[in-house]
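Here the structure comes first, spelled out in structure tokens, and everything after it is commentary.
Side chains included, hydrogens not; waters and symmetry mates left out as well; all remaining heavy atoms used. Each chain gets a letter, A, B and so on, in the order the sequences are listed, and its residues count up from 1.
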Amino acid sequence: MRVATWNVNSLKVRLPQLLDWLRLRQPDVVCLQETKLEDAKFPTAEIDAAGYRALYCGQKTYNGVAILSRDPATDPLTALPGRADEQKRLLAASVGGVRIVCAYVPNGQSVDSDKYRYKLDWLAALTGWLGAELVRHPKLVLAGDYNIAPEERDVHDPRAWEGQVLFSAPEREAFQRLLALGLKDSFRLFEQAPGSFTWWDYRLNAFRRKLGLRIDHILASEALAPLCRACSIDIEPRRNERPSDHAPVVAEFEPGS
DNA sequence: ATGGTAGAAACTCTA
């Protein structure tokens, strides 16, 4: 099973690129973030024609998540239970015996912002819920835009980013609490090139200058991680005309997992 | 000292 995550930063704008990418990479499951579409405007016909079913949970202008899958997805969940949130950031469903959790973690804006507090609260709620979800679904993938670079090697200039949002200690500790649930960072199960990033600011020619961060991740549960065969970042779509500022991440799991 | 870009939408907010 090939599982991908991609923050598309507007599915309306990126739909042609997504359809090209699906044909090229043939993923079985794709988690999308920042669709920025109300559910009524989700491009179900185009996705269906590409051979995928879609679950989606969106809103106008901001946020929005979706799970595309070749096989049917069951038992959807569109928010953390007991947390009625108008921000559409979470979607979970089961595909082929694997629980797929698609997350768009709040950006946080800056460490002195209310949005940063909201980010840490949201991560704590996610972690709490995942503990129970892992009991129900031992084979689980948490894929999405975490808006957290977990380690120094995930940041082009860790000194400059020290204490900044996306790399501050409380955010990185929140990431470690996800790992403490037994989740493994599938990207780090394999040898990777230095300077592997998934996001580059649109400004200041960051992509061309390789000024990126690795903030999009596919975590695999303890039961699923041993079945992971590969994980890579596909930077090609970042070279497109009108690209998303994020590149997709793709993880390969043993067939039948 | 705080810009720079992109997307959505309606001029400012979010990232």
Rounded distance in Å between the P positions of B:dT14 and B:dA10: 14 Å
With sequence neighbours left out, the residues meeting salt bridge (charged side-chain N to carboxylate O under 4.0 Å, His left out) with A:Asp121 are A:Arg117
How close or far is atom P of B:dG7 from atom CD of A:Gln59, stated in whole angstroms? 18 Å
C1' atoms of B:dG4 and B:dA15, separation to the nearest Å: 13 Å
Which pairs pass ring-ring contact (aromatic ring centres under 6.0 Å, His included) with one or both residues in residues 87-111 of chain A, sequence neighbours excluded? none
Please enumerate all residues that pass salt bridge (charged side-chain N to carboxylate O under 4.0 Å, His left out) together with A:Arg70, with sequence neighbours excluded. none
Just grab all the side-chain hydrogen bond (donor to acceptor under 3.5 Å, both in side chains) pairs involving residues 167-181 of chain A, residues at least two apart or on different chains. A:Tyr116-A:Ser168, A:Lys119-A:Glu171, A:Ser168-A:Glu171
Within residues 14-22 of chain A, which residues have any heavy atom lying less than 4.0 Å from an atom of DNA chain B? A:Arg14
Tell me which pairs pass salt bridge (Lys or Arg N to Asp or Glu O under 4.0 Å) where either residue lies in residues 210-231 of chain A, with sequence neighbours left out. A:Asp154-A:Arg214, A:Asp185-A:Arg214, A:Arg229-A:Glu254
So do A:Val141 and A:Ile218 actually touch side chain to side chain, heavy atoms under 4.5 Å? yes
Should A:Arg242 be listed as having a side-chain N or O under 4.0 Å from OP1 or OP2 of B:dG7? yes
Taking the side chain of A:Leu204 as its heavy atoms from C-beta onward, which of B:dG7, B:dA8, B:dG3 lies nearest to it? B:dG3
Calculate the interatomic distance between A:Glu241 atom CD and B:dA6 atom C1'; express it in whole Å. 14 Å
Nearest-Å distance, NZ (A:Lys41) to C1' (B:dA8)? 11 Å
Considering only residues two or more places apart or on different chains, which pairs with a residue in residues 23-72 of chain A satisfy ring-ring contact (aromatic ring centres under 6.0 Å, His included)? A:Phe42-A:Tyr56
Interatomic distance where CG belongs to A:Asn9 and C1' belongs to B:dA8 [whole Å]: 10 Å
Report each atom pair, protein N/O against N/O of nucleotides 12-15 of chain B, whose distance is under 3.5 angstrom.
unit_1, atom_1, unit_2, atom_2, d
B:dT14, OP2, A:Lys115, NZ, 3.3

Compare every heavy atom of A:Asn147 with every heavy atom of A:Asp145, then report the nearest pair and how far apart it is. OD1-N, 2.9 Å
Taking side chain to side chain donor-acceptor pair (under 3.5 Å) as the definition, give me every residue that meets it alongside A:Arg2, ordered by chain and number, with sequence neighbours left out. A:Glu252
